[in-house]
Amino acid sequence: MKLAALEVSFGNKPIRFSYRNQSLGDKGVVKQIFQNSDYNIAHWPQGKRFVEYFHEHTQNQQGLIIDAGANIGASAVYFLEIYNNSYVYAIEPDRENVSLLTLNTQPYEAVHIFHGAIAGQDGDLYLEDPGHSDWGFRTRKKDQANSESVKVSAISPKTILQKTKHMKPMMFKIDIEGGEESLFEGDTSWMREFPLLIIELHDWMLPFSGSSKNFFKAIAQYEFDFVHKGENIFLFNRELLC
């Protein structure tokens, strides 16, 4: 795995971040997060309130950020640098991405890497490469998988919250290439625990599959402000933030 590196500055603090120079996916995620600031929410009233809420509730307790679809660690590094006293639970199913994710988050103690997938319930899913570069790996259920799929462990939000119950849930970022169909089926009561959810939906990539149907059924049950930016939807929990 031939690596390149760039220097990213957070204030006066330089961060060295490694990526695969030949990977369109790696270059894409670096551009989105470090250059385009896709996860910067400070310009919205809801974003400003979230930042206040985060600081109010993390004086004596770590703030939990779940990064589902952590890829090579750009989002994890961004969150750890922007949100003081945060703890990132990073979930990534692809082995090579996990290697880079581990390398890029090595300077941080407040991170846990789960080599596997997020799902509505614990168990197994099957990882496949549809040919969309290193940020496009997709997980499917066993009955949907092809012969080249690789079995990976799956963990549910409920289990993560049980494992991190000494922390304060803060943010749940979801970019899982259509896996939201599985994540949002069944019990979604975990959604109300987070003041901010960030999600990229993938109907554009999976036409007529209904991959976002369960998400819309779930979100209708709760009180969220819905703000759109680029590829992502930002959901601010009115019950917690107001």
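A quick note: this is a predicted structure, and the numbers were derived from the prediction, not measured. All residue numbers in this chain count up from 1 along the given sequence.
- Residue Pro195 comes nearest to Glu193 through the heavy atom pair CD-O, 3.7 Å, listed as atom of the first residue, atom of the second, then distance.
- Not counting sequence neighbours, Phe236 has no partner by the ring-ring contact (aromatic ring centres under 6.0 Å, His included) test.
- Residues Ile91 and Ile160 form a side-chain contact, since some pair of their non-hydrogen atoms from C-beta on lies under 4.5 Å apart.
- Atom CG in Leu101 sits 13.5 Å away from atom CZ in Arg95 (nearest 0.5 Å).
- Atom-to-atom distance recorded for Ile174:CD1 and Glu180:CD is 8.5 Å, nearest 0.5 angstrom.
- With sequence neighbours excluded, no residue satisfies side chain to side chain donor-acceptor pair (under 3.5 Å) with Ser86.
- Between Pro93 and Val152, the shortest heavy-atom contact is O-CG1, 4.0 Å.
- Applying the salt bridge (Lys or Arg N to Asp or Glu O under 4.0 Å) rule to Glu56 yields the partners Arg49; only residues at least two apart in sequence or on another chain are considered.
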Note to self: Is there a side-chain contact (heavy atoms from CB on, under 4.5 Å) between Ser9 and Ile15? Walk through the geometry before answering.
What the structure shows: CA-CA 6 Å; Ser9 294; Ile15 301 294; over 6 Å; no

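- Put simply, the side chain of Gln35 never gets that close to the backbone of Val30: no donor and acceptor are under 3.5 Å apart.
- Leu103 has its side chain out of reach of Arg16: every pair of non-hydrogen atoms, C-beta onward, lies at least 4.5 Å apart.
- Under the 4.5 Å side-chain criterion, counting only non-hydrogen atoms from C-beta, Ile33 is not in contact with Phe17.
- Between Leu3 and Tyr19 the shortest side-chain heavy-atom distance does not fall below 4.5 Å.
- Between Ala68 and Ile176, the shortest heavy-atom contact is O-CG2, 3.6 Å.
- Expressed to the nearest 0.5 Å, how far CG of Asn21 lies from NZ of Lys27 amounts to 4.5 Å.
- Every residue two or more places apart in sequence or in another chain was checked for a ring-ring contact (aromatic ring centres under 6.0 Å, His included) with Tyr87, and none qualifies.
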Item checked: Residue pair Thr188, Asn214: steps toward the side-chain contact (heavy atoms from CB on, under 4.5 Å) verdict -> CA-CA 10 Å; Thr188 60; Asn214 290 335; over 6 Å; no

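- For the pair Met191/Phe184, a side-chain contact is recorded, criterion being any heavy-atom separation below 4.5 Å from C-beta on.
- Judged by distance alone, the side chain of Asn97 and the main-chain N or O of Asn71 form no donor-acceptor pair under 3.5 Å.
- When the side chain to side chain donor-acceptor pair (under 3.5 Å) test is applied to Asp225, the partners found at least two apart in sequence or on another chain are Gln46, Arg238.
- For the salt bridge (Lys or Arg N to Asp or Glu O under 4.0 Å) test, no residue two or more places apart in sequence or in another chain qualifies with Arg192.
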Checklist line | Phe215/Leu235 under side-chain contact (heavy atoms from CB on, under 4.5 Å): CA gap, chis, key distance, verdict | finding: CA-CA 12 Å; Phe215 165 75; Leu235 299 158; 3.7 Å; yes

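- For Ser18, there are no side chain to side chain donor-acceptor pair (under 3.5 Å) partners at least two apart in sequence or on another chain.
- Within the 4.5 Å cutoff, the side chain of Asn84 has no heavy atoms near those of the Thr58 side chain.
- Using bins of under 30°, 30° to 60° and over 60° for the plane-to-plane angle, the ring pair Phe34/Phe10 lands in the perpendicular bin.
- Partners of Lys2 by side chain to side chain donor-acceptor pair (under 3.5 Å), not counting sequence neighbours: none found.
- Note that NE2 of His166 is 8.5 Å distant from CD of Gln61, once rounded to the nearest 0.5 Å.
- Between Tyr83 and Phe50, the two ring planes are perpendicular [angle over 60°; tilted spans 30° to 60°].
- Closest of all the heavy-atom pairs between Leu80 and Ala110 is CD2-O, 3.4 Å.
- Of all heavy-atom pairs spanning Val98 and Glu92, the tightest one is CG2-O, 3.3 Å.
- The ring-ring contact (aromatic ring centres under 6.0 Å, His included) check on Phe224 picks up nothing, with sequence neighbours excluded.
- Listed by chain and number, the residues in a ring-ring contact (aromatic ring centres under 6.0 Å, His included) with Tyr53 are His57 (sequence neighbours excluded).
- The shortest side-chain heavy-atom distance between Leu64 and Met170 does not fall under the 4.5 Å cut-off.
- With Asp67 contributing its side chain and Lys173 its backbone, the two residues share no donor-acceptor pair below 3.5 Å.
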Next item on the list: Walk me through it: do Ile199 and Leu201 pass the test side-chain contact (heavy atoms from CB on, under 4.5 Å)?
Entry: CA-CA 6 Å; Ile199 184 168; Leu201 299 176; 3.6 Å; yes

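- Pairs passing the side chain to side chain donor-acceptor pair (under 3.5 Å) check and including a residue from residues 98-112, sequence neighbours excluded, read Glu81-Tyr108.
- A heavy-atom distance below 4.5 Å is found between the side chains of Pro157 and Ile118.
- Annotation: the span from Gln121 atom CD to Lys158 atom NZ amounts to 10.5 Å, rounded to 0.5 Å.
- With sequence neighbours excluded, no residue forms a salt bridge (Lys or Arg N to Asp or Glu O under 4.0 Å) with Asp187.
- For the side-chain contact (heavy atoms from CB on, under 4.5 Å) with Leu196, the qualifying choice from Asn237, Ile41, Ile65, Val51 is Ile41, the only one to do so.
- The distance from the CD atom of Gln32 to the CD atom of Glu200 is 7.0 Å, given to the nearest 0.5 Å.
- Put simply, the side chain of Asn232 never gets that close to the backbone of Ile198: no donor and acceptor are under 3.5 Å apart.
- Here the shortest heavy-atom pairing between Ser75 and Ala70 reads OG-O, 4.1 Å.
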